[in-house]
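This report concerns only the one structure given below.
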Amino acid sequence: MRVVIGGGTGFVGRALTQLLRSKGHEVTVISRQPGPGRITWDDLKSKGLPPCDGAVNLAGEPVLNPLRWWNESYKRDLVSSRVETTCALAQAIATATQPPHAWVLVTGVACYKPSETERYTEGSAVGQFDLLSRLVKQWEEAGVLPETVAPGTRQVIVRAGAVLGRDGGAVQMMLWPFWLGLGGPLGSGRQPFPWIHVSDLAGIIAHALQQDNRGPRQGEGEKGEEEEVVGVQGILNGVAPADDTNADFVRALGGAMGRPTLLSMPGFALNATLGRERAVILLEGQRVVPERTLASGYVYRYPDLHSALNEIVGS
């Protein structure tokens with residue numbers, strides 16, 4: 001299988017590329033800089049989509065980038081880095097002579113309204129109630145392909161939670177405070193914390209790409225007849241099958257590192273440091289359930305915090 005990955009040099013992109021290549025698949029990465037096995041976004045716009053069986057977009061400025069102040073310029077970059085790259089890939093797929101069999105867009109769970117009690121599956125209603133939920137709506141709409149343009153391309157959206165791993169993501173930002181004994185719950189600690197190990201997010205994407213069984217339509221057995229596309233389509237929640245709060249995560253991380261978790265970070269401090277619109281990611285949360293992900297047959301490598309965090313920070 002040949003796969004083109006937008007944003008393939010990032011945290012999740014590196015894990016997905018390694019996984020696909022380990023299975024013998026060919027990967028081409030779209031990035032800002034050219035290099036072996038890469039094309040640039042300008043190449044995509046001018047030359048079109050390289051021949052491929054699957055396309056994925058992971059591009060996007062990190063929301064919790066600690067090196068950037070929360071201001072209008074940063075907000076514009078959050079939107080453009082996601083929406084514009086998604087539009088570019090969707091347009092390239094729509095105009096390709098042979099469109100890929102699968103198109104996977106990875107977005108986020110911010111489209112589900114924060115609640116300590118509501119339970120969200122892939123079929124739950126989503127809304128536009130803050131900047132991040134509006135961003136997810138724009139993002140997902142940008143990736144929609146008209147059925148008349150690419151009828152044979154399965155469209156999958158993976159809504160990811162906080163991604164945990166050794167080389168990036170939420171854990172990397174917390175390691176130093178925990179090593180110094182300064183780790184603790186954020187705000188009340190009661191807010192739900194939907195998370196996923198980076199290996200499982202890469203695994204779900206690969207699973208969606210590979211679920212591409214094809215055969216003649218019912219009653220059409222003649223050679224050359226139009227094929228029926230069978231496989232994963234629509235929304236998948238890219239979260240672990242767990243129901244953890246921020247306090248659960250903090251205790252599990254402290255336990256895996258052998259460090260205390262007695263201190264807490266008050267909400268006003270996070271609002272002042274990160275900006276209120278961004279701090280909501282850490283101070284509020286959603287109970288997100290991967291109902292369709294599990295029903296599709298995906299088997300998690302790290303279904304609970306203990307196994308995930310031991311792999312990441314355990315000795």
Side-chain angles (χ1 to χ4, degrees), residues 12 16 54-58 60 63 82-83 86 89-90 100-130 132-147 150 153-164 170 191-213 229-245 280-281 284-305 308:
V12 179
L16 177 60
V56 180
N57 195 24
L58 296 164
V63 178
R82 289 162 171 77
V83 175
T86 300
L89 256 171
H101 300 323
W103 161 222
V104 182
L105 174 62
V106 180
T107 64
V109 297
C111 57
Y112 302 121
K113 192 169 185 177
S115 171
E116 292 184 11
T117 57
E118 191 73 26
R119 178 179 178 272
Y120 295 107
T121 69
E122 289 88 347
S124 298
V126 298
Q128 298 181 71
F129 41 84
D130 60 11
L132 295 176
S133 61
R134 291 191 293 272
L135 169 57
V136 173
K137 180 175 175 58
Q138 286 182 264
W139 197 358
E140 294 185 354
E141 287 180 344
V144 175
L145 302 175
E147 290 185 8
T153 300
R154 290 184 298 104
Q155 300 180 57
V156 182
I157 293 175
V158 180
R159 292 174 176 161
V163 185
L164 312 182
Q191 65 271 33
F193 184 74
W195 62 273
I196 187 167
H197 191 287
V198 67
S199 295
D200 277 318
L201 182 53
I204 290 170
I205 299 167
H207 175 71
L209 289 169
Q210 293 168 330
Q211 295 297 303
D212 203 23
N213 305 314
V229 181
V230 181
V232 179
Q233 299 187 63
I235 306 296
L236 297 179
N237 282 336
V239 298
D243 185 15
D244 297 304
T245 64
V280 70
I281 299 172
E284 300 180 10
Q286 312 88 340
R287 295 177 62 203
V288 183
V289 183
E291 190 173 84
R292 290 192 71 238
T293 306
L294 290 166
S296 75
Y298 181 72
V299 178
Y300 284 80
R301 292 182 62 189
Y302 302 102
D304 56 77
L305 280 172

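Excluded from the calculations below are hydrogen atoms, water molecules and symmetry mates; all remaining heavy atoms, backbone and side chain alike, are included.
- The CD atom of Q155 sits 10.0 Å away from the CD1 atom of I235 when rounded to the nearest 0.5 Å.
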Check step by step if side chain to side chain donor-acceptor pair (under 3.5 Å) holds for H101 and T153.
CA-CA 4 Å; H101 300 323; T153 300; over 6 Å; no

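- Contact annotation: the side chain of I196 never approaches that of L164 to less than 4.5 Å [non-hydrogen atoms, C-beta and beyond].
- Using modelled atom types, one finds a donor on one side chain and an acceptor on the other under 3.5 Å when comparing N57 with T86.
- Contact check for V158 versus T107: no side-chain heavy atoms found under the 4.5 Å cut-off.
- Scanning both residues, V239 and P194, for their nearest heavy atoms gives CG1-CB, 4.0 Å.
- Across all non-hydrogen atoms, the minimal contact from A208 to V104 is CB-CG2, 4.2 Å.
- Between V156 and W103, every side-chain heavy-atom pair lies at or beyond the 4.5 Å cut-off.
- Checking D200 against Y298 by side-chain atom types alone, a donor-acceptor pair falls below 3.5 Å.
- At a threshold of 4.5 Å between non-hydrogen side-chain atoms, the residues V56 and L16 count as touching.
- Atoms CG and OG1, from L236 and T293 in turn, are 4.5 Å apart once rounded to the nearest 0.5 Å.
- Checking Q128 against S133 by side-chain atom types alone, no donor-acceptor pair falls below 3.5 Å.
- Taking CD from Q286 and OG1 from T117, the interatomic distance works out to 12.0 Å, rounded to the nearest 0.5 Å.
- Taking both residues in full, the closest heavy atoms of A102 and L209 are given as CB-CD2, 4.1 Å, listed atom of the first, atom of the second, then distance.
- Across every non-hydrogen atom of P290 and P241, the tightest pair is CG-CA, 3.9 Å.
- For the atom pair W139 CH2 and I157 CD1, the distance stands at 10.5 Å (nearest 0.5 Å).
- To the nearest 0.5 Å, atoms CD (E118) and OG (S124) are separated by 6.5 Å.
- Shown here for Q138 and V83, the closest heavy-atom pair between the two residues is CB-CG2, 4.0 Å.
- Among all heavy-atom pairs drawn from E291 and T121, the shortest one is OE2-CG2, 3.8 Å.
- Two residues are said to be in side-chain contact when any heavy atoms from C-beta on lie closer than 4.5 Å; R154 and V232 meet this criterion.
- By the 4.5 Å heavy-atom criterion applied to side chains, V289 and R119 are counted as neighbours.
- Side-chain atoms of H207 come within 3.5 Å of backbone atoms of S296 as a donor-acceptor pair (strictly under, hydrogens ignored).
- The closest donor-acceptor contact from the side chain of R287 to the backbone of Y120 lies at 3.5 Å or more, if one exists at all.
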Would R159 and E122 satisfy salt bridge (charged side-chain N to carboxylate O under 4.0 Å, His left out), going step by step from the backbone distance to the final call?
CA-CA 9 Å; R159 292 174 176 161; E122 289 88 347; over 6 Å; no

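- Taking the six-membered ring wherever Trp is involved, the centroid distance between the rings of Y300 and Y302 does not fall below 6.0 Å.
- By the 4.5 Å heavy-atom criterion applied to side chains, L58 and I205 are counted as neighbours.
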